[in-house]
Amino acid sequence: ETGVTQSPTHLIKTRGQQVTLRCSSQSGHNTVSWYQQALGQGPQFIFQYYREEENGRGNFPPRFSGLQFPNYSSELNVNALELDDSALYLCASSPGQGHGYTFGSGTRLTVV
Amino acid sequence: DQQVKQNSPSLSVQEGRISILNCDYTNSMFDYFLWYKKYPAEGPTFLISISSIKDKNEDGRFTVFLNKSAKHLSLHIVPSQPGDSAVYFCAASAQRSGGSNYKLTFGKGTLLTVNP
């Protein structure tokens, strides 16, 4: 299987709710990173998982959490949604901890 | 604190001419730099990269130049084609102890429009 697949493509949630975004990485890609891209901004690093453990985190609060599974899929969970969480969420995977990241098309989250 | 800056939000060039996209950075620990291209409704696509031990890397129509003393890099596209019209992001990373680079710091992007 080639490419990185993210679901859903679009999502609307209400402030205070919880959301789970999903990512299916390429086979063999044991590193996955999540990024948040707000309107007019570049992607901002949320965290990275390597072999199912978090091994790096950006300046995001603990209500942003993640999981990585043995089948190369992963999740981004956001609790207590705030209006400022509205953004495009990008998943990127690579076969190691180097720079060969492949990005998915993202999930557009709107919090109302 | 914007560690990677792309000061031109947009750039318009004629087909066949050169496109030059610029990027500045402030973190002297950055040792690897990448350019990504992004079309609407798609994720960023890797274009070209350069390590801090080099000052130039070329791949077909795309060349990246790195000036470490000025903390500046640029992407040259020659000749520019209408299909190159997209948002271009500059990104940088700093090697962690243990040899694994993990976090990309992106600029805000430059919208390149190549007119036929």
Side-chain angles (χ1 to χ4, degrees), chain A residues 2-10 21 23-26 29-51 53-60 66 68 76 87-108, chain B residues 1-10 21-25 27 30-54 57 59 64 86-111:
Chain A
T2 60
V4 177
T5 305
Q6 293 188 242
S7 62
T9 55
H10 296 83
L21 309 182
C23 173
S24 178
S25 305
Q26 292 182 222
H29 281 204
N30 52 21
T31 301
V32 64
S33 301
W34 285 88
Y35 288 80
Q36 180 197 67
Q37 186 181 6
L39 200 61
Q41 304 293 317
Q44 298 287 315
F45 176 77
I46 302 175
F47 45 57
Q48 181 184 67
Y49 279 78
Y50 175 65
R51 292 184 175 174
E53 290 194 5
E54 184 180 301
N55 75 338
R57 190 176 184 91
N59 294 326
F60 283 81
Q68 185 186 24
L76 165 64
L88 179 68
Y89 288 85
L90 295 161
C91 168
S93 71
S94 73
Q97 296 194 76
H99 295 105
Y101 291 108
T102 301
F103 280 85
S105 297
T107 294
R108 173 72 62 187
Chain B
D1 178 24
Q2 194 78 20
Q3 296 187 60
V4 177
K5 301 178 183 179
Q6 293 177 256
N7 292 320
S8 297
S10 63
L21 297 100
N22 294 302
C23 178
D24 297 294
Y25 62 96
N27 188 342
F30 287 147
D31 61 357
Y32 201 83
F33 304 90
L34 309 91
W35 285 94
Y36 283 84
K37 179 169 73 172
K38 188 178 186 300
Y39 294 117
E42 294 184 13
T45 302
F46 170 75
L47 202 54
I48 193 169
S49 62
I50 188 167
S51 165
S52 60
I53 63 173
K54 295 185 175 181
N57 189 26
D59 183 3
V64 56
V87 176
Y88 287 77
F89 289 101
C90 171
S93 70
Q95 189 170 45
R96 295 197 299 175
S97 59
S100 61
N101 296 28
Y102 69 107
K103 166 186 169 181
L104 295 178
T105 301
F106 284 84
K108 291 186 178 183
T110 297
L111 174 62

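All chains are named by letter (A, B, ...) in the order of the sequence lines, taking the proteins before the strands, and each is independently numbered beginning at 1. Just so it is clear, the model here is predicted, and its values are computed rather than measured. Any value given below was found using the heavy atoms of this structure, including those in side chains, with hydrogens, waters and symmetry copies removed.
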Self-check item: Portion of A/F47 that has a non-hydrogen atom of chain B nearer than 4.5 angstrom
Solution: neither
Self-check item: Residue among A/G40, A/S33, A/G56, A/P43 with most heavy-atom pairs under 4.5 Å to chain B
Solution: A/P43
Self-check item: Under the side chain to side chain donor-acceptor pair (under 3.5 Å) test, residues paired with A/R57 that sit two or more places apart
Solution: A/E54
Quiz item: Which bit of A/Q6 comes within less than 4.5 Å of chain B, counting heavy atoms only: side chain, backbone, both or neither?
Solution: neither
Self-check item: Which atom of A/S105 lies closest to which atom of B/A41, heavy atoms considered
Solution: CB-O, 3.9 Å
Quiz item: Roughly how far, to the nearest 0.5 Å, is CD of A/Q37 from NZ of B/K108?
Solution: 12.0 Å
Practice problem: Select, from A/A92, A/C91, A/G104, A/G106, the one with the greatest count of heavy-atom pairs under 4.5 Å involving chain B. | Solution: A/G104
Exercise. Provide the closest heavy-atom pair for A/Q41 versus B/F89 in the form atom of the first, atom of the second, distance.
Key: O-CE2, 4.1 Å
Quiz item: How would you list, by chain and number, every residue that makes a side chain to side chain donor-acceptor pair (under 3.5 Å) with B/S49, sequence neighbours excluded?
Solution: B/Y32
Quiz prompt | Proximity of A/Y101 and B/Y36 rings by center, below 6.0 Å | solution = no
